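Some notes on the structure that comes next.
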Amino acid sequence: MCPRLSCLLAIETSCDETSAAVVRDDLSILSNVVLSQDEIHAPYGGVVPELASRQHLRAIVPVVRESLAAAGLPLEAMDYFAVTQGPGLIGSLLVGLCFAKGLAYYHRKPVLGIDHVQAHIESAFLERPDLEFPMLALVVSGGHTSLFVLRKKLAYRLLGKTRDDAAGECLDKIAKFLELGYPGGPVIQKLGAAGDTARFAFGLPRMSDRSFDFSFSGLKTAALRIIRSEKISKDGPHLADFLASFENAVVRSLLKNLGRAAEVVEPKSLILCGGVARNKRLRAEFERLAAGKGFGFAIPSPKLCTDNAAMVGALAWTIVKSRKRIPSTLDLDAYPR
Ligand code: KG4
Ligand code: ZN
């Protein structure tokens with residue numbers, strides 16, 4: 001450990017993971033502790049906001065303590081505090097935000113409010129700082145499905161977003177309907193791994209206005225129709241084929257938009273990030289698309305795809321380095337969207 005380099009403590013509580021990380025200004029991650037609430041929400045098949053904020057309240061002190069202990073540094077060694085400000089569940093966000101503001105006030109250090117979606121994008125730079133601009137970044141998670149173009153660091157322009165469900169939300173809802181467990185994405189990946197992707201046909205959504213927006217409600221309705229007409233069930237014979245076909249449709253839908261956008265923007269590189277970027281089929285097809293068109297590309301390693309505080313700390317350092325002065329604001333407020 002080298003305490004002479006600057007360090008910050010980052011906190012993430014936007015949804016159902018309580019996470020704290022110590023990140024150094026050379027972007028080395030000294031600790032990145034993530035406490036998942038999956039077991040708490042699993043019986044409901046989705047995140048229950050009130051249960052999530054109560055669990056963050058219980059977990060925040062031990063998670064921060066463990067993160068500092070793993071980094072081998074005391075709170076006094078932190079030069080900044082960084083915290084997810086939004087978007088996310090408002091009660092959950094407020095737990096992290098109030099905690100970080102309290103630490104900043106007591107230790108007389110600046111606190112930075114960080115955007116969760118931008119932090120997901122930043123996670124790609126942690127392992128691939130060499131990526132070339134301009135780039136397209138596809139953020140796919142349980143709460144967000146958005147496509148950004150970046151002409152340089154911190155210059156985010158939204159090209160398209162989902163008009164209804166997020167991709168992860170769509171996977172979670174179908175898994176819930178089939179009583180497969182929560183979160184749905186990993187279960188669908190596992191149970192559909194050996195399935196035939198061509199067994200069930202799914203039409204892909206097309207935006208009449210040719211925008212780069214996404215839509216997953218049509219795929220969800222089509223999935224429910226097939227479940228009923230083909231009598232797909234948890235223990236039925238066609239489950240693996242159905243899940244493989246459905247997961248493949250979600251992947252194709254995401255990449256179709258990305259491919260179209262790439263033709264217009266002509267980026268040098270592509271980023272895939274967010275919790276759904278853990279998906280093996282999506283990772284493989286994304287890689288194929290990028291390599292086929294000769295783009296540089298980055299997909300964070302799986303532990304950096306799902307919500308974690310290291311990505312929040314990484315973006316905080318990028319912001320700190322881009323500014324002459326960081327004002328010590330304690331009037332940060334959380335934003336749900
Ligand atoms: O980024 P994240 O941790 O939280 C949000 O910001 O929403 O993403 C959680 C989402 C869930 O919908 C979960 O089902 C999905 O990521 N997910 C996956 C996989 N692992 C997590 N989806 C598909 N395949 C996976 N292996
Ligand atoms: Zn997220």
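When a ligand or atom number is given, it counts from 1 through the structure's own listing order. Since the structure is predicted, the reported quantities are computational estimates derived from the model, not experimental observations.
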Provide, to 0.1 Å, the distance between [atom] and the closest protein heavy atom, together with that atom's residue and name.
atom                    : result
atom 9 (C) of ligand 1  : Gly142 N, 3.7 Å
atom 26 (N) of ligand 1 : Gln189 OE1, 3.2 Å
atom 22 (N) of ligand 1 : Gly185 CA, 3.3 Å
atom 4 (O) of ligand 1  : Asp307 OD2, 3.1 Å
atom 12 (O) of ligand 1 : Asp172 OD2, 2.8 Å
atom 15 (C) of ligand 1 : Val276 CG2, 3.9 Å
atom 24 (N) of ligand 1 : Asn279 ND2, 3.1 Å
atom 21 (C) of ligand 1 : Gly275 O, 3.5 Å

Going by the closest heavy atom to atom 5 (C) of ligand 1, which one wins out of Ala119, Ser14, Ser141?
Ser141

For a side-chain contact (heavy atoms from CB on, under 4.5 Å) with [X], tell me which candidate from [options] qualifies.
X      : options                : result
Phe148 : Val139, Leu159, Ile271 : Val139
Glu285 : Leu255, Leu254, Leu272 : Leu255
Val33  : Val22, Val63, Thr18    : Val63

For the hydrophobic clusters of this structure (ILVMFWY residues joined by side-chain heavy atoms under 4.5 Å, transitively), does one cluster hold both [X] and [Y]?
X      : Y      : answer
Phe177 : Phe216 : yes
Met78  : Leu332 : yes
Ile326 : Leu27  : yes
Leu289 : Val250 : yes

Applying a heavy-atom cut-off of 4.0 Å, say which part of Glu247 lies close to ligand 1: side chain, backbone, both or neither.
neither

Could you see which bit of Lys280 sits under 4.0 Å from ligand 1, with heavy atoms only: side chain, backbone, both or neither?
neither

Taking only residues two or more places apart in sequence or in another chain, which ones pass salt bridge (Lys or Arg N to Asp or Glu O under 4.0 Å) with Arg281?
Glu247

Taking a cutoff of less than 4.0 Å between a non-hydrogen atom of the residue and any ligand atom, is Pro186 in contact with ligand 1?
yes

Less than 4.0 Å is my threshold; does some heavy atom of His116 fall inside it relative to ligand 1?
yes

Sorted by chain and number, protein N/O/S atoms nearer to the Zn ion (ligand 2) than 2.8 Å are His116 NE2, His120 NE2, Asp307 OD1

Are a donor atom and an acceptor atom from the side chains of Glu12 and Thr84 found within less than 3.5 Å of each other?
yes

Can you sort out which atoms of ligand 1 are near [X], meaning under 4.0 Å from one of its heavy atoms?
X      : result
Thr306 : 3 (O)
Gly168 : 12 (O)
Pro183 : 13 (C), 14 (O)
Arg278 : 20 (N), 26 (N)
His120 : 1 (O), 6 (O)

Sequence neighbours excluded, the answer for ring-ring contact (aromatic ring centres under 6.0 Å, His included) partners of His116 is His120, His144

In terms of relative ring orientation, are His107 and Phe81 parallel, tilted or perpendicular, with 30° and 60° separating the classes?
tilted

Mind telling me whether Phe202 and Phe242 have parallel, tilted or perpendicular rings, with 30° and 60° as the class edges?
tilted

Within residues 218-243 or reaching into it, pairs that qualify as side chain to side chain donor-acceptor pair (under 3.5 Å) - sequence neighbours excluded:
Asp165-Lys220

Can an N or O of Gly274 be found at a distance shorter than 3.5 Å from an N or O of ligand 1?
no

Axial cation check for Phe214 ring with Lys161, 6.0 Å and 45° limits:
no

Say whether, by atom type as modelled, one donor and one acceptor occur between the side chain of Thr145 and the main chain of Ala166 under 3.5 angstrom.
no

